Each structure stands twice: as C-alpha cells, then as structure tokens.
Amino acid sequence: MLFLLLFLAFWGLHLLPKAAAIYQRPTGTPGPPAPLRFLRPPSVPWVRVRRGSVALLPCFLVAELPPGGRVRWSRVEAAAFLEVVIVVWDGVRHKSYGPLGSRARLKGRGPLDASLALDPVALEDEGRFRCQVVSGLEDESIALDLQLEGVVFPYQSIEGRYKFNYFDAKKVCQEQDARLATYGQLHKGRVSFIRGHFTFREASQACGAEGGGASLAKVGQLLGAGHFPPSSSSPRLDPCKAGWLQDGSVRFPRVITTETPRPPHCGGVHDPALRGLGFPSKLRRKYGAYCYHPK
C-alpha cells in the first residue's frame, strides 16, 4: 500500500507541467546568510540602466558546476512571495521561461560566467533578480536590484491639480508611457540655489562650475526637493528666490510647510506648491540658478 501511494505521488508530479514560478511564504525570521561556496559575491547590489538599453546582471561561479548542478535566474515578486523563473542553465545549455525569457539570454563568456542580459529593458523590468545555484539539496543565491534611470516629472490633468486618486494616477501615468514614482525617485541627489543675475546660458555655466556633474535642475527635481526636510547637505530653499531651470523656465521652489506661506510678491500666499514666472527671454540677466547635484 505504501509503495502504491509513493508511486501515485511520483506519477502525479511527473504529469505536472514544468513550473515557471515558485511560490514561497516566509517561515520565520531568517538567520544570517551562509558563506558563499559556489558564487562570487556581487561587487555592487544593484545595476542601473536606461529603458530600452541592455541590462547586464552579473553572476560568476567560483568553479564549474558540479554534475547535476544548474543555475537558475528568477525575478523576485516579494509582495506576492513569488519568484518567476527566467532562465535555467546546466553549464552547457539553457532554457528560457515566461514573459521575460524572450528578452533574456546568458552572457556566455566562459564556463564560470552565468551573467544574465536583458535586451531591451522595459519599464516593468525594474525590481529584484536572483541568481541561484542548485546542486542536489544544496543551493545558494545572490540578489541584484535592477534600477531604471529616468526623469521624475509632475503631471496634472486639465481639471487642475490634486484631482487624482491612486488608480486614476496610475492610469494616467501609463497613458503618458510612464509610471508612478517611488518615494526614493522623488529626490535623487540634491538641489541648491546660486544667487546672481544670470542669463540662461550663464546660469547653466554657473551650475557646471559647481563640479560633480551638477547641472541646471529639472522641474521635477526642484519639486521633489520640497518633499524632504532640510539637512546639512540640502539646506532649506528660499521660497522667494526665482531661478533658471533646465527647461528654460524661471521658478520658485516648493515651500515645505504651510506654516511658511510664500509672500504675495514672490508667487502667491495661498498656494505653497511650485510656482514660476514663465519662460522669459533667455538673454534676460535677472535670475539666479537652481542646480541639481547627483549623488
């Protein structure tokens, strides 16, 4: 009887289609990770690329795969406790799975290189990826975050500002071939103000002279600066100082708190959001410069 049950169980598993997803719920507080034996630790925990380019996610073996061993790349869906398999490699051949499989390939530069290339990178690819070595009952993995570079920009409908709920905002972002920004994306780097009377070109040169890749700030970067409290590296911006931005507009910064409303002569009392003076002649020598300093 026991043999029959084992046989039926094996036969049932044999009939199941090869799964492209693994569902796992956490079983408790994880302990410290074991030292890596098969994989080299990644030099950085993330890879940052632009949409439409090729993303190379590095994964290197210490030695060739043991007999029966394989490498499995997967996309981690943490909120759903799900891992979606992308590629499985046995050291010689590989097989792709799922929607990402059609754009995924192994770099294939030697028996110790299990790096994954995604070409081209799509908007929905951003997230965590796992490279896992499976050898019998032993397995280990490294994780990498794929981050997309882009521009964070504010959007409002024809009905005016503050008219969207979450679902409306998500839909309109998709219509703009974009998506809702994360908290961290609202402020990459810092924004500073250079006092002066610059033309647009002089303002751009003044930011460049700051060094470190600084340039005139974009509208979204100046807006995002108001979402964060001031610090030693990012001091509070003066709501009455108008400055040039990269799009050729002249604007005031966002007021962080409603307890410090903007005076009437510099943008209005009742509206603490980002306001501007439009797009004056770029030859007009009257305004300061808002500079963006990437981290």
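Start at 1 with the first residue, then count along the sequence. Just so it is clear, the structure is predicted and the values come from calculations on it, not from any experiment.
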Determine whether Val250 and Lys286 satisfy the following criterion, side chain to side chain contact (heavy atoms under 4.5 Å, CB included), listing intermediate values before the conclusion.
CA-CA 10 Å; Val250 173; Lys286 185 176 180 180; over 6 Å; no

Distance in Å, Phe252 CZ paired with Leu222 CG, rounded so as to fall on 0.5 Å steps:
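Between Phe252 CZ and Leu222 CG, I get 11.5 Å after rounding to 0.5 Å.
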
Honestly curious: do Phe60 and Val87 fall in one hydrophobic cluster under the side-chain, below-4.5 Å linking rule?
no

Quick check: does any side chain N or O of Gln221 sit under 3.5 Å from a backbone N or O of Val191, one acting as donor and the other as acceptor?
no

Would Leu57 end up clustered with Leu36 when hydrophobic side chains under 4.5 Å apart are linked, directly or stepwise?
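They do share one cluster, since a chain of ILVMFWY contacts under 4.5 Å joins Leu57 to Leu36.
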
Audit row: Val76, Glu83, side chain to side chain contact (heavy atoms under 4.5 Å, CB included) steps and yes/no:
CA-CA 5 Å; Val76 180; Glu83 289 194 23; 4.2 Å; yes

Here the pair of heavy atoms bringing Ala169 nearest to Leu180 is CB-CD2, 3.8 Å

When hydrophobic residues are tied together by side-chain contacts of less than 4.5 Å, even through go-betweens, does Val134 share a cluster with Leu106?
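Per the 4.5 Å side-chain linkage, Val134 and Leu106 are not co-clustered.
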
Dump the intermediate steps for side chain to side chain contact (heavy atoms under 4.5 Å, CB included) on Val49 and Val54, then the final yes or no.
CA-CA 8 Å; Val49 296; Val54 180; over 6 Å; no

Is a donor on one side and an acceptor on the other found under 3.5 Å between the side chain of Trp244 and the backbone of Glu202?
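Checking the backbone N and O of Glu202 against the side chain of Trp244, no donor-acceptor pair under 3.5 Å is found.
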
How many angstroms lie between CG in Leu118 and CZ in Arg75, if you round to the nearest 0.5 Å?
9.5 Å

Check the pair Phe279, Asp247 against side chain to side chain contact (heavy atoms under 4.5 Å, CB included), reporting the backbone distance first and the verdict last.
CA-CA 9 Å; Phe279 294 81; Asp247 65 345; 3.8 Å; yes

Closest approach of Phe200 and Leu245, non-hydrogen atoms and distance?
CE1-O, 3.3 Å

Using 0.5 Å steps for rounding, measure from the CZ atom of Phe193 to the SG atom of Cys207.
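That separation rounds to 10.0 Å.
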
Would you check if the side chain of Ser115 reaches a backbone N or O of Cys59 as a donor-acceptor pair within less than 3.5 Å?
yes

On a heavy-atom basis, the closest approach of Leu123 and Leu148 is O-CD1, 3.6 Å

Contact summary for Gly288 and Ala203, nearest pair of heavy atoms:
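Looks like O-CB, 4.4 Å.
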
Side chain Glu140, main chain Leu39, donor-acceptor under 3.5 Å
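Answer holds: yes.
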
To the nearest 0.5 angstrom, please state how far the CZ atom of Arg190 sits from the SG atom of Cys291.
9.5 Å

Using the salt bridge (Lys or Arg N to Asp or Glu O under 4.0 Å) rule, take Arg72 and Asp139 through it: C-alpha gap first, then chi angles, then the decisive distance, then the call.
CA-CA 10 Å; Arg72 179 171 63 203; Asp139 66 273; over 6 Å; no

Interatomic distance, CG@Leu116 vs CZ@Arg130, rounded to 0.5 Å, equals 14.5 Å

Contact between Gln132 and Ser74 at the side-chain level, heavy atoms closer than 4.5 Å - yes or no?
no

In terms of hydrophobic clusters joined by side-chain contacts under 4.5 Å, are Leu65 and Leu112 together?
yes

Between the side chain of Gln246 and the main-chain N/O of Leu216, is any donor-acceptor distance below 3.5 Å?
yes

Nearest-0.5 Å distance, CG of residue Leu144 to CH2 of residue Trp73:
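One gets 5.0 Å once the value is rounded to the nearest 0.5 Å.
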
Any carboxylate oxygen within less than 4.0 angstrom of a Lys/Arg side-chain nitrogen, looking at Asp145 and Arg128?
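Here Asp145 pairs with Arg128 in a salt bridge, since their nearest N and O are under 4.0 Å apart.
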
Would Ile86 end up clustered with Val47 when hydrophobic side chains under 4.5 Å apart are linked, directly or stepwise?
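Hydrophobic grouping puts Ile86 with Val47.
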
Could you check if a side-chain atom of Tyr290 sits within less than 4.5 angstrom of a side-chain atom of Lys241, using non-hydrogen atoms only?
yes

If only atom types and distance count, is the side chain of Ser102 paired as donor or acceptor with the main-chain N or O of Pro99 below 3.5 Å?
yes

